[in-house]
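Since we're looking at a predicted model, the values are computed, not measured. Whatever order the structure lists ligands and atoms in, that order sets their numbers, starting from 1.
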Amino acid sequence: MKDLLDRLRKAGVHSLLAQFTDLAGVAKGKLVPLAHLDELLAHGVGFAGPSIVGTGLPRVGPRSEYYARGNASTATVLPWMPGVARIVCDGFVDDQPFEACPRQLLKRAAAHLAERGWQLRTGIEPEFFLLRRDGERWLPADADDRLDKPSYDLKALARQGEYLHALHGVLAQCGLDVLQLDHEDAHGQYEVNFGFDDALASADHLMLFKLAAHALAEARGLQFSMMPKPFANQAGSGMHMHVSLWGGGSARHPDHARNLFTPHRADGSADLEATLSPLGRQFLAGVLAHGAALTALAAPTVNSYKRLRGGTTLSGTTWSPVWLAHGPNNRTAAVRTLHGRFEWRVPDSAANPYLATAALIAAGLDGIDRRLELPAESLDDLYELPTAELQARGHARLPASLGAALDALQADDVIRTALGDALVEQFVRLKREEIDAYDTQISGWELQRYAAAF
Ligand code: GLU
Ligand code: MG
């Protein structure tokens, strides 16, 4: 504590940003003067519980107060907020870990893995849009970003170079290992990749990325957007997760951990031709078996399901999954397998990374505990196969709507139990309200189609 206080003082920090993530995946918090660091770490700072999205906490009584309790190891000086350091907080209510806190949930899931000597590591790949507003319309910020196939376009990348370099710079100063920045497959769409890490750390990094990306965009008159599918005729934004399970290290020697998903030959050498070890195959079988319920957490908005569809886009392809299938380096399936890891392609940019990862762990552990058999891999371009053929191969379609995904979540005892009834109840309530709000809108499309039609 004393060391941390000294370090932050020396860095010119006067305030702490006590930050937590609400059920909807949005960063929330408050500023706390540095002098109150000890209180933030030991006890937490208080918030009106019912004012936070998705807590379901009452307006009065001891459970009305939500405490955000800081984790000292997460203290990071924020280059874009001079004098401020972010501390990632966990939710506490009545001095107990709050059952509907997404980060507490992921901590519990990681603890289940740790009981077996395991650690999940994830690499989260956010895709996002840079937009501008024109009256009621949202447009790509860069009006010259107009190629039909804009993936990897260096001219558009250069036009947003100042923003992207600034973003890279602050993330690097915060300790993230930024690997790549590129233009994605839609107008105004970009992707930033940073190094994979412990699953909790990766989720914390993703939230830091969002804080930075929003702040830097606003300062430049841009709208940073994690909306999954802003443009009907173009690709949406995924937030793919690269997943591996590690074990064999120790608290003193975490570096000794090995990737348990790496496949080996009988003689003990790495099998470079295969993708996943037997343990990895079981874990992935669990992820596919619970794939429909996981989708509720990974694709949590009504808009998400406009991304998870087949069909063409201006660039030719959505690159988003439709079928619960897997295949080596197959980007047309829900899961792309690679050597020693898999890429879960269902999550979109609106997913709460803590919830999605916690649910993924529960699904994977169930696959391991029940020694589930991994369905046959898909080598084909699934966008090309007729639906009847995909069904004949035993692939299930991802839920077609948020409502269907929530039904699957509520029907899935394993995932529901792992998330806990309190959290599931709040999540489902929040999301059914969202569906209801959406369903009561009359869209421009409806007026165009029906107003003069009958
Ligand atoms: N934007 C695509 C998606 O919605 C993914 C593109 C890619 O493979 O990077 O999932
Ligand atoms: Mg991408």
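Looking at R336 and N329, their side chains do bring a donor and an acceptor atom within 3.5 Å of each other. Side-chain polar atoms of N330 and S378 form no donor-acceptor pair below 3.5 angstrom. There is no side-chain donor-acceptor pair under 3.5 Å between H339 and D271. In the model, D197 has no side-chain atom that pairs as donor or acceptor with a side-chain atom of S202 under 3.5 Å.
Within the set E191, R331, E127, the minimum heavy-atom distance to atom 7 (C) of ligand 1 is found for E127.
Per residue E184, closest N, O or S atom to the Mg ion (ligand 2): atom name OE2. The minimum distance between the Mg ion (ligand 2) and any N, O or S atom of E191 involves atom OE1. The atom of E127 nearest to the Mg ion (ligand 2) is OE2, with the search restricted to N, O or S atoms.
The shortest N or O to N or O distance between A235 and ligand 1 is not below 3.5 Å.
Taking the charged nitrogens against the carboxylate oxygens, R116 and D369 do have a contact shorter than 4.0 Å, which makes a salt bridge.
Note on ring orientation: taking the six-membered ring where Trp is involved, the planes of W445 and Y450 are perpendicular (angle over 60°, cut-offs 30° and 60°). Relative orientation of the H205 and F194 rings is perpendicular, given thresholds of 30° and 60° on the angle between their planes.
Here is the list of ligand 1 atoms found below 4.0 Å of a heavy atom in T318: 2 (C). In the vicinity of R345, heavy-atom distances shorter than 4.0 Å reach the ligand 1 atoms 5 (C), 7 (C), 8 (O). Per-residue contacts place H240 under 4.0 angstrom from the following atoms of ligand 1 (heavy atoms of the residue considered): 3 (C), 5 (C), 7 (C), 8 (O), 9 (O), 10 (O).
Nearest non-hydrogen protein atom to atom 4 (O) of ligand 1 is R307 NE, 2.7 Å.
Not a single heavy atom of E125 sits closer than 4.0 Å to an atom of ligand 1. Within the 4.0 Å heavy-atom shell around ligand 1 one does not find D348.
Neither the backbone nor the side chain of D185 comes within 4.0 Å of ligand 1, counting heavy atoms alone.
Annotation: cation-pi pair K210/F224 absent, no NZ/CZ under 6.0 Å from the ring centroid and within 45° of its normal.
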